[in-house]
Amino acid sequence: MERKIKLIWDFRGPAAAKTAEHHEIHLKEFIAIEKLPLKITGFEIQNEMYAIAYMVVTDNYMIAVRDALKPHRGEIYQE
């Protein structure tokens, strides 16, 4: 089975939740435009001043997506 990597964008401040939610829309648009076989995106509100948006990619797409979208960090995805 291929390894999955969660690419993460961090947002801080009072508008973090709305910004992360909106960023997920752009991640989905990127997947559609590039015709990528990726399905897992999302956003999580950590607290009132911190939220993340994320996209889960496989190893073979990681470098191309990383270079195009410049996530802040990544981690191994656990389902």
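Just the heavy atoms: all of them, side chains too, but no hydrogens, waters or symmetry mates, feed the values below. Numbers for residues simply follow the sequence, beginning at 1.
Note: His26 NE2 to Ile31 CD1 = 13.5 Å, rounded to the nearest 0.5 Å. Between the CD atom in Glu34 and the CG atom in Leu69 there is a gap of 8.5 Å [rounded to 0.5 Å]. One distance of note links CG of Leu7 with CE of Met55; it measures 7.5 Å at 0.5 Å rounding. Taken to the nearest 0.5 Å, the OH atom of Tyr77 stands 11.5 Å off from the CD1 atom of Ile8.
With contacts defined as side-chain heavy-atom distances shorter than 4.5 Å, the pair Val65/Leu36 qualifies. Asp10 places none of its side-chain heavy atoms less than 4.5 Å from the side chain of Gln46. Between Val56 and Leu38, the closest side-chain pair of non-hydrogen atoms is not below 4.5 Å. Residues Tyr54 and Ile40 meet the side-chain proximity criterion, which asks for heavy atoms closer than 4.5 Å. Looking only at side-chain heavy atoms (C-beta outward), Glu48 and Pro14 stay at 4.5 Å or farther from each other.
Judged by distance alone, the side chain of Lys70 and the main-chain N or O of Asp67 form a donor-acceptor pair under 3.5 Å.
Taking both residues in full, the closest heavy atoms of Tyr50 and Arg12 are given as CD1-NH1, 3.1 Å, listed atom of the first, atom of the second, then distance. Across Ala20 and Ala51, no two heavy atoms sit closer than the pair CB-CB, 3.8 Å.
Not a single salt bridge (Lys or Arg N to Asp or Glu O under 4.0 Å) links Glu2 to another residue, sequence neighbours left out. Partners of Thr19 by side-chain hydrogen bond (donor to acceptor under 3.5 Å, both in side chains), not counting sequence neighbours: none found. With sequence neighbours excluded, the residues forming a ring pair (Phe, Tyr, Trp, His ring centres under 6.0 Å) with Phe11 are His23, listed by chain and number.
Residue Arg3 is tested with Asn60, Asp59, Thr58 for a side chain to side chain donor-acceptor pair (under 3.5 Å); the sole match is Asp59.
Hydrophobic clustering, with ILVMFWY side chains joined whenever heavy atoms are under 4.5 angstrom apart, keeps Phe43 apart from Leu27.
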